[in-house]
Amino acid sequence: MSDLLANLNPPQLAAVTLPAQHALILAGAGSGKTRVLTTRIAWLISTGQVGPQGILAVTFTNKAAKEMQSRLAAMLPINTRGMWIGTFHGLCNRLLRAHHREAGLPETFQILDAADQLSAIKRLLKNLNVDDEKFPPRELMHFINAHKEQGIRAAQAEAYDHYTSRRVELYTEYEGQCQREGVVDFAELLLRSYELLQRNEPLCRHYQERFRHILVDEFQDTNRLQYAWLKLLAGRGSVRPETPGACVFAVGDDDQSIYAFRGAEIGNMRDLQREFELPSVIRLEQNYRSHGNILDAANALIKQNVGRLGKNLWTEAGAGEPIRVFEGISDFDEARFIVDEISELLREGIGRDQIALLYRSNAQSRVLEHQLFTAGVPYRVHGGLRFFDRQEIKHALAYLRLIANPDDDTAFARVVNFPTRGIGTRSLEALQEAAQRNNASLYNAAASLAGKAGTAVARFVALIEDLRADTRARSLPEVVDHLIDKTGLRQHYLAEKEGQDRLENLDELINAATTFLYEDSDQDGEPAANGGPLASFLAHASLEAGEHQAGEGETAVQLMTVHAAKGLEFDVVFITGLEQGLFPHENAAQERAGLEEERRLMYVAVTRARQRLYLTHAQTRMLHGQTRYCLPSSFVDELPAELLRRINRTASAGQPGRGAASAARQPPTAGHGLRIGQNVRHARFGVGVIVSTEGAGPEARVQVNFGAAGMKWLALEYARLTPA
DNA sequence: ACAGCGTTAGTTTTT
DNA sequence: CTAACGCTGT
């Protein structure tokens with residue numbers, strides 16, 4: 001036990017050994033947050049204050065949950081497998097599997113990922129003859145999810161105008177469709193399990209009494225529903241506020257909250273303080289990651305945000321190197337500089353995987369990739385297709401889903417004619433109609449319509465029945481293997497010229513099933529295995545999308561969005577595309593809340609670097625097929641000048657004036673004396689850059705990027721623009 | 001059923 | 001610019 005607590009700094013120690021009470025730990029970037037969280041659990045258990053079964057530890061990512069579990073296993077001589085450590089969604093799934101009846105779900109309910117949900121919505125709109133121009137499926141999906149994440153059912157949704165009242169109707173229809181099909185989307189996992197606990201008092205009480213300590217990671221990212229769920233389990237929910245429940249130990253960093261756009265509520269941190277009557281918060285401010293200059297820059301930047309809980313990172317490491325700032329003539333030029341610099345770093349012996357290129361949006365990776373490729377530097381782009389998202393995997397899984405749950409129309413629609421087996425649009429329409437008439441699922445309609453053997457539909461039904469029989473006789477990996485053959489998937493991809501990778505992935509799926517069985521088998525006692533191995537494998541596949549690609553072995557320079565970089569660290573970090581309108585993004589920079597989230601994003605980016613940080617931007621950038629003229633990001637100006645070193649390309653490192661760079665030197669003129677790329681001043685909006693022009697004479701308009709004030713179209717006749 | 005064409009949209013996305 | 005989607009014609 002004593003070595004459990006060894007090497008903790010005073011605030012870390014205080015957090016870990018806090019008596020049984022609610023607590024909020026404000027954990028800055030690189031301050032040992034995961035260590036505190038896991039050590040806290042280990043300390044609670046090893047001092048006998050609680051048994052492993054009395055712990056509930058919640059994270060957002062599978063990665064974090066696994067990390068916590070394995071670190072804990074290393075600290076304690078217990079089997080951590082059966083413990084309730086997992087993601088919000090994983091734990092809710094577990095709860096719903098164990099109590100599917102009470103939750104009103106079939107035993108083999110399936111989980112829709114975002115793509116499944118979208119296709120379910122498209123199908124719904126089609127069936128209801130709703131114009132998807134007027135009700136874009138994506139928008140409707142967002143509408144539904146946003147409501148669920150607030151804990152609002154269709155019945156309670158406010159229909160504040162005609163359009164919304166229709167959307168609420170569609171929300172209702174969607175709920176009905178999911179219920180009929182026995183499927184739940186991600187948000188539903190949470191809402192359903194929240195409602196289960198809220199409505200089932202004995203059950204709720206059971207869990208409230210069981211969990212003595214609830215620990216939450218990345219608390220700043222919780223949405224309203226997740227917070228309500230935690231409150232309920234902690235006995236602070238609205239049902240029985242007097243119930244004595246668990247101690248909540250929340251760890252988070254309001255400065256790293258970058259998911260407000262999908263419902264995360266920073267306000268939950270203040271609410272937690274108030275509603276759980278926290279006497280104080282513990283701050284972890286000593287940073288073990290970055291050199292002083294980097295932290296000073298991060299601190300200075302984030303100070304610009306108002307309403308923070310407040311925190312100042314410091315380090316015992318020295319100031320380190322200055323932050324390097326580079327301005328390229330074009331995005332092309334910027335990328336070339338970065339790759340030149342990387343080549344130099346590699347020569348100095350920095351590991352390739354210790355260099356990260358960060359950007360605000362995925363589209364920016366293109367130029368960087370091009371330069372890296374040309375220079376022959378191995379790189380890896382994060383954020384691509386994930387394993388369980390690949391079409392061949394989704395197809396195979398859809399067959400499995402249909403076997404597990406014949407009512408799953410989404411799965412049915414996906415595979416009924418893939419590979420093609422002569423069930424075209426007309427047959428499908430017939431099935432659709434029959435299904436609607438009998439209020440049955442598509443598969444049921446197919447089964448009853450397949451009276452006469454020999455038809456394509458009958459053969460399909462026979463195939464599924466056949467495969468279902470397989471599941472009783474064979475192990476899961478065998479079932480998957482056979483399925484790939486019998487459905488014709490293997491044959492299909494064998495015939496396809498690009499099919500080799502897909503076949504390999506299908507083989508990998510068989511391996512995944514084997515691994516899953518193996519890992520699942522030593523999970524003791526707990527009701528996770530409800531619904532059989534097939535159902536739990538499918539849940540696993542939906543909840544854990546898998547790493548992007550099986551790491552190709554070779555170490556590589558890492559390319560990713562700033563969002564994707566959260567939680568990671570690198571010796572050398574390049575933050576690229578630091579331009580007004582890009583980062584901060586123009587869609588977010590208008591209101592303060594938006595700009596502040598962008599600033600937190602920048603804060604996250606800066607604090608990824610251990611030793612060296614580069615900030616790069618370009619004067620011009622190809623965006624949406626046209627050249628944009630850009631001002632440097634206001635975030636660069638917010639950093640103390642004494643920490644920065646502006647660098648120019650060394651004479652040897654490539655001559656400017658090639659490629660896009662030369663185009664930038666002669667910006668197109670617009671006939672009225674204003675040049676694209678020229679800086680101008682406007683009475684109200686301040687200084688901006690002319691980005692494009694339109695028309696001539698009194699009609700002429702110019703588009704100006706005013707940075708903080710945003711992008712504006714101005715009629716020259718009215719707007720008095722002066723050169724700046 | 002599918003290729004080929006035209007149209008459209010284009011921040012971030014742990015589950 | 002480009003990728004992805006949907007429609008149309010064969």
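Residue numbers begin at 1 in each chain, while the letters A, B, ... track the order of the sequences.
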Between [N] and [M], how far apart are the two [atom1] atoms, rounded to whole Å?
N	M	atom1	answer
B:dT13	C:dA4	P	15 Å
C:dC5	B:dT12	P	15 Å
B:dT11	C:dG6	C1'	25 Å

Which nucleotide in the set [options] lies at the smallest distance from any side-chain heavy atom of [X]?
X	options	value
A:Asn362	B:dT12, B:dT15, B:dG10	B:dT12
A:Arg262	B:dC2, B:dT14, B:dT11	B:dT14
A:Arg366	B:dG10, B:dA1, C:dT2	C:dT2
A:His89	B:dT12, B:dT15, B:dA1	B:dT15
A:Met622	C:dC1, B:dT12, B:dT15	C:dC1
A:Asn587	B:dT13, B:dA1, B:dT11	B:dT11
A:His563	C:dC1, B:dT12, C:dG6	B:dT12

Handout entry: A:Arg97 to A:Phe109, cation-pi by 6.0 Å centre distance and 45° axis angle
Key = yes
Roughly, in whole Å, what's the span from [atom1] in [X] to [atom2] in [N]?
X	N	atom1	atom2	result
A:Glu149	B:dT13	CD	C1'	11 Å
A:Leu189	B:dT14	CG	P	16 Å
A:His142	B:dT15	NE2	C1'	15 Å
A:Phe186	B:dT14	CZ	P	10 Å
A:Lys566	B:dT11	NZ	P	22 Å
A:Asp132	B:dT7	CG	C1'	14 Å
A:Lys122	C:dG6	NZ	P	5 Å
A:Arg600	B:dT11	CZ	C1'	15 Å

Practice task
Check the pair A:Phe261, A:Glu597 against side chain to side chain contact (heavy atoms under 4.5 Å, CB included), reporting the backbone distance first and the verdict last.
Solution key: CA-CA 9 Å; A:Phe261 71 93; A:Glu597 176 143 321; 3.7 Å; yes
State plainly whether the residues [X] and [Y] are in salt-bridge range, i.e. N to O under 4.0 Å.
X	Y	result
A:Asp221	A:Lys566	yes
A:Glu598	A:Arg360	yes
A:Lys148	A:Asp185	yes
A:Glu579	A:Arg628	no

Exercise for the section: Have a look at A:Asp221 and say if it touches a base, only the backbone sugar-phosphate, or nothing, with a 4.0 Å heavy-atom cut-off. Expected result: base
Exercise for the section: Select base, sugar-phosphate, or nothing to describe what A:Phe88 touches, counting heavy atoms under 4.0 Å on all strands. Expected result: nothing
Handout entry: ring centroid sep under 5.5 Å plus plane angle under 30, A:His585 with B:dT11
Key =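 Per 5.5 Å and 30° rule: yes, stacked.
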Handout entry: pi-stack flag for A:Phe261 and B:dT12, centroid dist under 5.5 Å, interplanar under 30°
Key = yes
Problem - Comparing A:His624 and A:Asn62 on DNA chain B - which has the more 5′ nearest nucleotide - result: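 Between the two, 5'-proximity favours A:His624.
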Handout entry: Phosphate contact (B:dT15 OP1 or OP2) by A:Thr61 side-chain N/O below 4.0 Å
Key =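 For A:Thr61, the contact criterion (side-chain N or O under 4.0 Å from OP1 or OP2 of B:dT15) is not met.
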Problem - Distance test, side-chain N/O of A:Arg138 to OP1/OP2 of B:dA9, below 4.0 Å - result: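 Checking B:dA9 against A:Arg138, no side-chain N or O comes under 4.0 Å of OP1 or OP2.
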